[in-house]
Every structure is written in C-alpha cells, then in structure tokens.
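Encoded as structure tokens, the structure appears first; notes follow it.
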Amino acid sequence: MHKALLLIVIPLLSYGFWLSEEFKGIAAGVSIFLFGMLSLEQGFKAFTGGVLERILQKTTDTPWKSFGFGFMSATLMQSSGLVSVITISFLSAGLLDLVAGIGIIFGSNLGTTTGAWLIAGLGLKVNIATYAMPLLVFGVLCIFQSGKQLKGIGYILTGLGFLLLGIHYMKESFEYFESTINLAEYAMPGVKGLLVYTALGIIATIIMQSSHATMLLTITAVSVHQITYDNALALVIGANIGTTVTAIIASFGANIQGKRLAGAHLLINLCTGIFVLLFIKQFGIAVDIISKNLGIAVSDNAMKLATFHSLFNLAGIILFFPLINQQVMLLEKIFIEKRPAIFEPKYLDMSAMDFPETVVESVRLESIHLYENAIHIILHTFGLHRYDLQNNDSLQQLIEQNNDPIEYDIDASYEKRIKGLYSAIIAFISQAAFTWEMTQSAKLSWLREANKHLVEAIKDTKHLQKNWVRFRTSSNQSVINEYKKIAYQIVLHIQQVENFRHEIEDNELPLLSLDTLKATIKNDDMLMNRVIETLIRERKITPETGSSLINDSSYMRSIKKNLLKAAETLFLHSSTGNAGVEQQLSLNETEINDVVQTVDTK
Amino acid sequence: MKIEKLLHKLQAFFDTDKHKKRQHIEALKKILLKLKKKERKITHALQQTDDDCLIKHYQTELEIIRIQRRKGIEVLQLLKERKKLN
C-alpha cells in the first residue's frame, strides 16, 4: 500500500474502531484471516521442491484429477471457501498452476453440496471454527521445532487456525447485522422475488461467512413456510455466489495467480448463478423429476433444496469445466501482472545472427552492459555510486561517512538489472550454435563464463551484505574497522579494474597490469586473515565474530576474482598490438606468490 | 645503382624473419620504456599517499614492475645476442 494511502487509512480505521465495536471485530477478523493466509503460504513454501509438490503434481496434473482433489477436500472440510483459500496459497507458493487451481474450484463447488445433504437429511451442521484453537496450539508447537518440515507443518496448522479464527471473529461481529435479516419480510413472487432473494442470499453468506449457514437458514425458513420454495431456490443461488467472498478476501494477500483464481471462483459461480436464474423453471422441473426418482417426498422441500444445490453446481461444471483454458486466457487478460521495470538488452539484435563475428561482438557488448549493472549493484550495496570511483582520495572517506541504515535491496536490483539481461544473453548464445566455427564457439563460451562470474560476484555481495549491515553499527570498533576495510578493498578493486579497462583503451600495458591485480587480491586476503587472527588472539573480537569476518573475507576475495575474470574476458577481446610481447613479461603463479611474500616482509 | 637498391629492397622484403625480430626488439624497448615511466609514476604516488591499502597496492605494483622489467631486459639481451650471431 502506498505510504500516503496508509496515512489516510489508519485514522479512518481508528475512527471506525471508536464508533463501532462490531466494525472493530470485523476488521480484526479480516486481519487475522489475512495473517493466516500469509502463515499458510509460508508453511507451504517449506515443502516446495519436496513431498507436497510431488503429491500435488500427481493429484492435479489433469483437470479431472484437480476436480477430484477439490471435491474430496471440500467434502472432508465442508467448506468450499476454505478449499479455495488453501488453493490460493498453493498458487501463491508456486505449487500449482491456474488450470489445476480452477479444476479444484469446480471440484470444491460440487463437494460443498454434500453439506446441504447433511443439513437437509440429518440436520447436521459442521462448525469448522471449533478446530481453530487446537490447530493454533499444535501449529505453534511445531513452529518451535528445529526441523524445516516440522516448522512448515507448524505454519500450515497455525495458518489454518488463524483462518478459522478470522472467520469466527467476522461471524461474531456480523451477528449484530444477522439479527436484522428477516427472510419473511421480503417474500415476493415472480422474477422480482428471484432477484431480491438471490441478492439476500449473497448478502447473508457474506455476512455469515458460510454458505452452509445460509443453507441452514434457508432450509429452516422453507420448512416452516416462512418463505416460498421458489424464493428458497434463489437464496441457494445467492449463497453460492456469496461464498466466493472468502476467496476474494484471501486474494488480497496473494500474488497475481491467487487473484486470478479468486476471480475464477467468482466468475464460475456468478455465471452459473445467472444461467440457473434464466432457466429456473426448467431446473425446478428437473429437481422434481430427480427427487421423485430418489424417493424424496413432494412436500420435503429441504431435501429438494439439497438436490437443487447439487444440480445447480453440476450444471456449472458441465457448462464451464470444458472451457478452463479459455477462462485462464480471460483471467490473464483481466489480471495483468505488473512487472517491475527491467533492463532490456541493448545489443542482442536478431540481425546479428547472420555472421559469427557480429554474434560474438553483440554478446560482448551486452555482457559489458551487464558488467556495468553488476558494478552498480556492488557499489550501491556499500552506499556508493559510479561517479564516486573518479574521486581517488575520497573513496575511503565516503565509506566511513556512509551510515545509511537502509539496506540496499540486492534481490530487487538483481531482478531489475541482471536477470533479464543474463537470461537474454544465455538465450542468444544458445541460439547461435556455431559448431562449425570453433573460434567463435570458444569466444561465446568464454563470454558465457564471464557473465557467470558477474552473477557470482553479485551473489557473493549479497552474502556479504548481511554482516556488513549487521556489524557496521556494532559497538566494537575493531569489527566496524574490518568491515569498512572489506568494503573499501572491494570498491578499490572495482576502481583498479576500471583503470585496467582504460589501460586497454589507451594501450598502456593492460596484460602486465593484470599481474598486479592478481597479486593484490592474494595480498589483501592474506593480510585480512592475519589481522583477524590477531584481533581474536588479543580478544578484541569474539571467535564467532572472527569466523564471520573470515567468511566475509572469502566473499571479498571471490567478488574480486570474479570481477577480474569477467573484465579480462570482456575488455581484453581485441587486445593490443604488443600482446604477444607483453605475454613474455607477465608473471606466472609462482612469481606472483613470490611477489606477495616479498611485499609482505617489507 | 638502381638495380643495387632494388635488390636490397627485395632482400629486406623476403627477409621477414629478420624484420620480425627487429619489430620484436622495438616493441620490447617500447614496453620497457613504458614500464619505467609507470614505475616512476607509482613511486611518486606511493610517496604521496598515507592510505595503508594503497601503500600495499603500490608496493606490490612496484615489485611486479621490477620483475617484469628484469624479464624484459633479459629477453632483450637474448634477442640482441642472437641478432649479432646472425
């Protein structure tokens, strides 16, 4: 929610709480319900890539299997609303696709009609809210366990508990309004009666948060002749439409797929409702025929209503189940996913595919584009900008002064600046299969590796960021100094890589500069580890903090190495005219190690 | 005279190996000169800074340039000796 909107909503809600106790209860119910949704989603995420995913895949891999899954779940839970809510959380966790989700909705619509048979036949009403308390207790107990899967189960149970508790609070608070509903007051014949009672059914179900409660009310009212049989049919239609509100509330906390599924639930039930209203007489006749065949007495309106409920939902399935794919297309058009503005490839033109050389050059330029974005992310992690690199003396000062408490969102930046480009580069390379041109093929392979190095550098930065944010505000000055040193060394390395890039452009012995950069990485790493050991020995930092520093120093080394490897491939492409001669003077691994040792003893 | 000059040019044209060696020596001399300039620049930068990280970096760079120059001089001497022998 936008911050400005939040400033309006909070006082409005507060005023509402002051005005009405019932409003407070409803708002709290909705909040608890949504919190339950979040918890449920988190719980299901613990099982992604595991058992639950495999079970769901096997039980929902065809629309008919999804239908069966939905039917069974709704029959057992006696709530289509709850089934749709759980399905929404499956979708949000990425465990299901929309087609399977809609299949489950169809199944749950039919499964929930078994409730009407129970109410009409046995007078039973399953109150699912009674499960809330034990679910919460068992859920919290599981959350406190160490195992990931137990924790996941804990979140699922707690989520279900909160969902039911939320529904309970909403119901309790709506009871005030429920007492004002007197069905007999609105008894009227004809089309007007149908429409009014359908609307009443919708409102009653929204208020009571249960189509079963509306069914119970309807069956009671029709059995004591408070309302006519025709009006009761309309109430059932209304209840079926009103029951979708639970999914709609749940979709507020869900992603776009969840919203689409809630939309599907409303669309299916609304269209079925309209269809049945148009052919209500024919449905009445069909119910009479079926009831007669089932041995239901003509005067047993309660059982006839249950028959109508089943027939009505069956009609919806027959009508709309074959159109699942069309529904998905429609919902994808209505609920358009808002993607964050992402960086588009600049150089990957399909026309470049005509010649191997242009393919390589396009990929190289695009990889440099990605390199620029990677540098942007790494610098921003440490509170710096690209233009800061031009200021030689102030780099350390800028890092010292940076006390911005806001953590740079690397994930969001990765999605925006890297992922799209990286995917496009990989796809472009894959399309260009130059098996007959070994030189180009090798170059593309190196470029692919260079991109991989850049992505790894960002991942290492993300790992490092956790402790960088945590320790730079520590009370221990030695820790702060070391983390600032890590940040400074990374930024300094980026600056040196940039200098290396300019040396290539100016033909200023770039190959020989590479040796210095390689030796500096080794030197910095060795020094850092030695300082950490000293700090632990002198008890200036705890061994735990020391181990964090050692890990982060490894991340630092990895970031530097990856950036250098990428830069080497990306910028040394055409190389200088004296590359061969420079190669003669460059140092091998042993010589570099010797230099590191010599400098260390100085 | 003209024929003599033409023959001399032809000989140089066909003697690519000699030409390449000369080019190699020239390139090496240029690189050594650049390295020397770089060494001076870094020595100056080292004197100007009091940043520990930069000091280590410059020291490393100076040491590397020293070895690179030593290798370069050795290769140059070898090439010159070979040229004399030929």
Side-chain angles (χ1 to χ4, degrees), chain A residues 392-397 399 481 484-493 495-496 499 503 506-524 526-528 531 576-588 590-592 594-602, chain B residues 16-83 85-86:
Chain A
N392 237 352
D393 304 324
S394 62
L395 276 181
Q396 197 165 18
Q397 230 175 350
I399 290 171
N481 290 344
K484 285 191 171 167
K485 206 191 281 173
I486 287 178
Y488 176 52
Q489 286 188 5
I490 292 171
V491 175
L492 195 65
H493 181 78
Q495 194 186 45
Q496 285 157 359
N499 291 342
E503 278 171 4
D506 303 337
N507 197 7
E508 284 297 321
L509 316 176
L511 262 177
L512 297 179
S513 297
L514 265 179
D515 292 344
T516 312
L517 288 170
K518 284 175 188 168
T520 310
I521 293 173
K522 285 191 176 186
N523 209 3
D524 287 348
M526 199 174 71
L527 280 176
M528 177 67 79
V531 170
T576 58
N578 292 329
V581 190
E582 276 187 61
Q583 198 75 52
Q584 277 187 311
L585 311 193
S586 67
L587 278 58
N588 60 31
T590 324
E591 286 168 329
I592 288 177
D594 290 343
V595 170
V596 172
Q597 292 297 329
T598 314
V599 174
D600 188 44
T601 49
K602 275 186 181 174
Chain B
T16 48
D17 189 45
K18 203 175 173 185
H19 180 69
K20 268 187 185 173
K21 272 178 191 164
R22 197 182 300 136
Q23 265 190 336
H24 194 165
I25 290 170
E26 288 306 314
L28 205 56
K29 277 182 182 171
K30 267 185 192 172
I31 287 174
L32 284 168
L33 198 70
K34 275 184 183 176
L35 279 174
K36 200 170 186 178
K37 276 184 189 169
K38 205 173 176 183
E39 194 176 18
R40 273 192 212 134
K41 203 174 130 189
I42 292 157
T43 313
H44 179 70
L46 180 65
Q47 285 161 353
Q48 298 294 310
T49 188
D50 53 358
D51 178 336
D52 291 340
C53 277
L54 280 177
I55 290 172
K56 275 281 168 207
H57 177 78
Y58 290 144
Q59 282 176 344
T60 311
E61 196 161 13
L62 279 176
E63 188 60 26
I64 281 176
I65 291 173
R66 196 182 60 78
I67 298 172
Q68 286 169 344
R69 282 195 66 212
R70 194 188 67 206
K71 281 174 102 174
I73 290 165
E74 279 170 13
V75 176
L76 191 66
Q77 278 171 350
L78 201 75
L79 284 172
K80 278 181 178 172
E81 277 168 21
R82 276 188 196 166
K83 201 182 164 190
L85 284 173
N86 289 337

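First the proteins, then the strands, lettered A, B, ... as listed; each starts at 1.
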- Query: Is there side-chain contact between A/Leu492 and B/Leu54, with heavy atoms separated by less than 4.5 Å?
  - Reply: yes
- Any side-chain heavy-atom pair of B/Lys38 and A/Ser513 under 4.5 Å: yes
- Message: So B/His57 and A/Thr516, do their side chains get closer than 4.5 Å, heavy atoms only?
- Response: yes
- Note on the structure: Interatomic distance, CG@A/Leu509 vs CG@B/Leu32, rounded to 0.5 Å, equals 9.5 Å
- Query: Got B/Gln68 and A/Glu582 here, is their nearest side-chain heavy-atom distance under 4.5 Å?
  - Reply: no
- From B/Ile64 atom CD1 to A/Leu512 atom CG, the distance as rounded to the nearest 0.5 Å: 10.0 Å
- Query: Side chain, backbone, both or neither: which part of A/Gln584 has an atom under 4.5 Å from a heavy atom of chain B?
  - Reply: both
- Item | Segment of B/Leu35 engaging chain A (4.5 angstrom heavy-atom cut-off) | both
- Sort A/Ile592 into side chain, backbone, both or neither according to what part of it lies under 4.5 angstrom from a heavy atom of chain B. neither
- Query: Would you say the side chain of B/Asp51 lies within less than 4.5 Å of the side chain of A/Leu395, judging by non-hydrogen atoms?
  - Reply: no
- To the nearest 0.5 Å, tell me how far B/Lys71 NZ sits from A/Leu587 CG. 5.0 Å
- Message: Whether the B/Lys56 and A/Thr520 side chains hold a donor-acceptor pair (N or O, under 3.5 Å, no angle test) is what I'd like checked.
- Response: no
- Quickly, which of A/Asn523, A/Asp600, A/Thr598 forms a side chain to side chain donor-acceptor pair (under 3.5 Å) with B/Thr60? Name it, please. A/Asn523
- Apply side chain to side chain contact (heavy atoms under 4.5 Å, CB included) to the pair B/Ile67 and A/Asp594, showing each step before the final yes or no. CA-CA 10 Å; B/Ile67 298 172; A/Asp594 290 343; 5.9 Å; no
- Item | Side-chain heavy-atom pair A/Val581, B/Val75 within 4.5 angstrom cut-off | no
- Straight-line distance of A/Gln489 CD to B/Cys53 SG, nearest 0.5 Å: 4.5 Å
